[in-house]
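Remarks on the structure that follows.
Quick note: residue numbers are just sequence positions, from 1. Computed from heavy atoms alone, side chains included, the values below leave out hydrogens, waters and symmetry copies. Whatever order the structure lists them in is the order used to number ligands and atoms, beginning at 1.
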Amino acid sequence: MSRYDNKVALITGAGHGIGRSIAQKLAQDGAAVSVLDIDEEMGQQTVEMLQSDGHKAIFVRADITKYDEVEAAFAKTAETLGTIDLLVNNAAFSMAGDLKNMPLDAWHHEINVNLNGPYHCIRAVLSSMVESGGGAIINIASVNGVRYFGSPAYSAAKAAIISLTQCVASEYGSKGIRCNAILPGSVQTDAVAWQTRIDRDPNVFEKLARWYPVGRVGQPDDVAKAVSFLGSDEAEYISGVALPVDGGLLAGMNVMIDEFVLEG
Ligand SMILES: NC(=O)c1ccc[n+]([C@@H]2O[C@H](COP(=O)([O-])OP(=O)(O)OC[C@H]3O[C@@H](n4cnc5c(N)ncnc54)[C@H](O)[C@@H]3O)[C@@H](O)[C@H]2O)c1
C-alpha cells in the first residue's frame, strides 16, 4: 500500500522543474496525476514520462491567471481521474530583478501569476473537496516570502500565499481540508530567473552553496519529498504551516557568523 493509492493529485506547472519532480514523486507514491501547465509541449512530455513508467497521468492546459481556463482544467481532471484529493500550487513566474528597475507591467504580471493564479486554483477545488469530505492543498511559496532575496513582486506574492495558506487552513479545517505552504530555498532548475543568473555566471549554484548550512543548494526532489509527506495522511494533524525546505538557510546567517562572529 502506497501513500497515494486511489488518490488524485493535480499539480500546476508540472511541465518543468520542481513541478515535474513533484508529479513523478506523487505518481511513484501511487497517485493518479493531472499535469496542469500553460506549456502544452512540456506538460505532455511530463505525462509521457509518467505513463512510460506505468503511472496514470493526464495533461490539462490552463493559464492559471485565467479563472475560466482553471475551472475547465479542474473539471476535466475530475471527469477523467475522479475527485481531486491533493492540489499542489506550484506554477510560478519570476524575472530576476530589483524594485528600482521593475517595469510596471512586470509587477502586475508577477502578482497575477504568483498570487491570483494559486487563488484561482484553490477557489476551483474547494467545493469538490468539501463535498467529498476533505483534501489537502500545498502551496509552493518560497524563502522569499519571509526574507528579501531580490525579485520584489514575486516575493510579495509569495508572502501573500503564506497568508492565504493560513486563511484556507483556518476556514476549511472543519471541512477536512488541510492547507500548508512549502518554502524552498534556491533550487537548481533552469527557471527563467535562474537562467538569467546562469548566463551571467555558470557556477552560480556552486557559489550559492556556501550560504546553505547543509553545504549545497536544493534539488527538485528535495521539494517533491516534502510535498509527498505534507499532502499525505501521515501529516493529518499538520495544517497552516510554512515549512522551509532550504537546507537551513533561514535558520541563521552562517556566512556572517563565519566571517565576523567566529573569526580568529
Ligand atoms: N527554483 C527555485 O530556486 C525556487 C525557489 C523557491 C521557490 N520556488 C518555487 O517552486 C515552484 C516551481 O519553480 P521552478 O523553479 O520549478 O519553476 P519553472 O519555471 O522551472 O517551472 C514553472 C512551471 O510553471 C508553468 N507556468 C508558468 N506560468 C504559468 C501560468 N500562468 N499558468 C500555468 N502554468 C504556468 C511553466 O510553464 C513551468 O512549467 C514555483 O512556485 C517557485 O516559485 C522555486
Side-chain angles (χ1 to χ4, degrees), residues 10-25 34-47 49 59-70 72-74 87-96 108-121 124 138-151 153-162 164-165 181-198 204-205 208-209 211-212 216-224 226-227 242-247 249-250:
L10 184 149
I11 302 124
T12 70
H16 200 251
I18 296 170
R20 178 175 281 177
S21 192
I22 294 170
Q24 285 171 318
K25 174 68 179 147
S34 178
V35 169
L36 183 151
D37 210 288
I38 196 171
D39 185 332
E40 178 145 15
E41 198 184 325
M42 296 301 286
Q44 291 286 12
Q45 246 183 47
T46 301
V47 169
M49 288 167 74
F59 173 69
V60 287
R61 193 209 160 273
D63 175 347
I64 57 169
T65 67
K66 300 191 172 133
Y67 188 60
D68 56 338
E69 293 188 12
V70 168
F74 278 59
L87 161 65
V88 184
N89 263 320
N90 166 80
F93 177 79
S94 170
M95 304 284 291
H108 287 296
H109 181 63
E110 290 195 23
I111 294 292
N112 209 10
V113 177
N114 299 312
L115 176 58
N116 297 336
Y119 168 66
H120 289 159
C121 296
I138 297 181
N139 296 318
I140 307 298
S142 169
V143 292
N144 289 52
V146 291
R147 297 275 188 289
Y148 187 59
F149 297 101
S151 304
Y154 170 86
S155 302
K158 292 297 189 182
I161 279 295
I162 294 169
L164 181 59
T165 300
I182 288 178
L183 280 49
S186 308
V187 180
Q188 192 163 4
T189 68
D190 54 1
V192 175
W194 279 122
Q195 197 52 56
T196 310
R197 298 177 190 122
I198 294 165
V204 61
F205 291 116
L208 272 171
W211 292 92
Y212 286 82
R216 64 172 177 87
V217 300
Q219 294 298 322
D221 193 40
D222 294 314
V223 180
V227 169
L243 175 71
V245 177
D246 69 345
L249 179 72
L250 292 177

Nearest candidate to atom 4 (C) of ligand 1, where distance is taken over non-hydrogen atoms, out of G185, A141, S142: G185
Nearest-neighbour protein heavy atom for atom 17 (O) of ligand 1, which is reported as residue plus atom name and distance: A191 CB, 3.7 Å
Option of least heavy-atom distance to atom 12 (C) of ligand 1 (set: D37, D63, N90): N90
Between R20 and Q45, a side-chain donor and acceptor under 3.5 Å: yes
Part of S94 with heavy atoms under 4.0 Å of ligand 1, whether side chain, backbone, both or neither: neither
Structural part of S186 in contact with ligand 1, heavy atom criterion under 4.0 angstrom: backbone
Test item, T12 contacting ligand 1 (heavy atom, 4.0 angstrom): no
N or O pair under 3.5 Å between D190 and ligand 1: no
Location of contacts on T189 toward ligand 1, heavy atoms closer than 4.0 Å: side chain
Nearest option to atom 3 (O) of ligand 1, as decided by whichever heavy atom of W194, Y154, F93 sits closest: W194
M95, CE atom: more than 12 neighbouring heavy atoms under 6.0 Å: no
R147: salt bridge (charged side-chain N to carboxylate O under 4.0 Å, His left out) partners, not counting sequence neighbours: none
Salt bridge (charged side-chain N to carboxylate O under 4.0 Å, His left out) against K25, all qualifying residues, sequence neighbours excluded: D29
Atom 44 (C) of ligand 1: the protein heavy-atom neighbour that sits closest, reported with distance to 0.1 Å: I18 CD1, 3.6 Å
K158, any N or O under 3.5 Å of ligand 1 N or O: yes
Min N/O separation I64 to ligand 1 under 3.5 Å: yes
Numbered atoms and elements of ligand 1 in range of A92, under 4.0 angstrom, heavy atoms: 22 (C), 24 (O), 27 (C), 40 (C), 41 (O), 42 (C), 43 (O)
Protein residue, atom and distance nearest to atom 6 (C) of ligand 1, heavy-atom basis: P184 O, 3.4 Å
